[in-house]
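In what follows, a single structure is set out as structure tokens and then discussed.
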Amino acid sequence: MSANRPIRIAQITDPHLFADERAELLGLNTRDSFLQVIDALADEAGSLDLVVATGDIAQDASMRAYQAFVDAIARLGVPFRWVPGNHDDRQLMQSLPCSQNAFAGHSVLNGWQVVMLDTSVPGKVHGELAVSELERLQDRLSVAESDPQVRHTLVCMHHNPLPGTAGWMLDIGLHNADDFNRLLDNYGSVRAVVYGHIHQELDLINNGQRYICTPSTCIQFKAGVHDFTLDLLPPAYRLLDLHDDGQVQTTLRRLENYTVNVDQGADGY
Ligand SMILES: [Fe+2]
């Protein structure tokens with residue numbers, strides 16, 4: 001890693017894989033769209049320092065789905081980190097041989113720390129940060145204030161720490177977001193919070209803090225509606241360039257030449 005160029009991270013989120021490679025989620029084959037995203041990412045793997053996967057790795061929380069994910073990621077030859085989403089089974093993910101590295105709570109790269117937070121609550125759609133996760137975040141934010149080697153923080157997690165953008169989403173986000181956002185307020189090093197869960201593209205400043213949401217590698221959810229509605233946008237991934245001065249530049253890449261075929265009458269997932 002050169003000190004002259006920014007750190008480049010790829011975020012993939014919400015692949016919703018099944019044990020059965022032919023299985024579909026609301027009419028879309030999630031294994032196929034995920035593998036197409038990995039193929040696109042493979043073309044630029046040489047520029048990547050890290051891949052982060054922000055949850056809902058599997059739709060059916062099956063070992064075969066997790067193994068398929070890990071096998072595909074391994075093709076990139078880039079270190080990766082993951083956190084569980086509401087559809088995942090953390091213990092099963094942890095039982096994979098790669099899990100010790102993949103579950104590392106933070107990584108330090110050229111003055112930046114990337115902090116991975118587990119917001120999943122077993123059996124629930126919404127998210128919550130356990131006291132232990134809040135304390136771990138606080139510890140890392142303290143490090144950024146005292147250690148000159150760590151000047152900037154990127155936080156990655158599954159659930160949205162801001163209210164959802166559609167009526168049906170209002171209760172499915174991070175329930176103790178106030179505790180989380182207060183911590184970010186109290187420390188100054190967090191340059192962006194990156195997440196998934198609501199399957200859409202967002203990049204906004206709220207109360208002086210930057211929040212970035214990335215679309216799924218499969219189906220997308222429409223913003224600004226009351227009831228569950230799918231958006232007809234292609235699967236995507238995100239590149240994040242972390243600069244030495246704390247600036248975060250990001251590019252969203254959607255699959256080209258991908259025809260979105262989904263069940264438009266679906267009223268939930
Ligand atoms: Fe999801």
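Computed from heavy atoms alone, side chains included, the values below leave out hydrogens, waters and symmetry copies. Read the numbers this way: they start at 1 and go in the same order the structure lists the ligands and their atoms.
For Gln200 and Thr165, the side-chain atoms include at least one donor-acceptor pair closer than 3.5 Å. Side-chain atoms of Tyr258 and Asp32 form no donor-acceptor pair, as typed in the model, at a separation below 3.5 Å.
Counting backbone and side-chain atoms alike, His199 contributes an N/O/S atom closer than 2.8 Å to the Fe ion (ligand 1). Look at His158 and the Fe ion (ligand 1): no N/O/S atom of the residue is under 2.8 Å from the metal.
With respect to the Fe ion (ligand 1), Asp14 has OD2 as its nearest N, O or S atom. Sorting the N, O or S atoms of Asp56 by how far they are from the Fe ion (ligand 1) puts OD2 first.
No salt bridge links Arg182 with Asp185; every basic N to acidic carboxylate O contact stays at or beyond 4.0 Å.
His152 places a side-chain N or O within 3.5 Å of a backbone atom of Asp244 that can act as its donor or acceptor partner.
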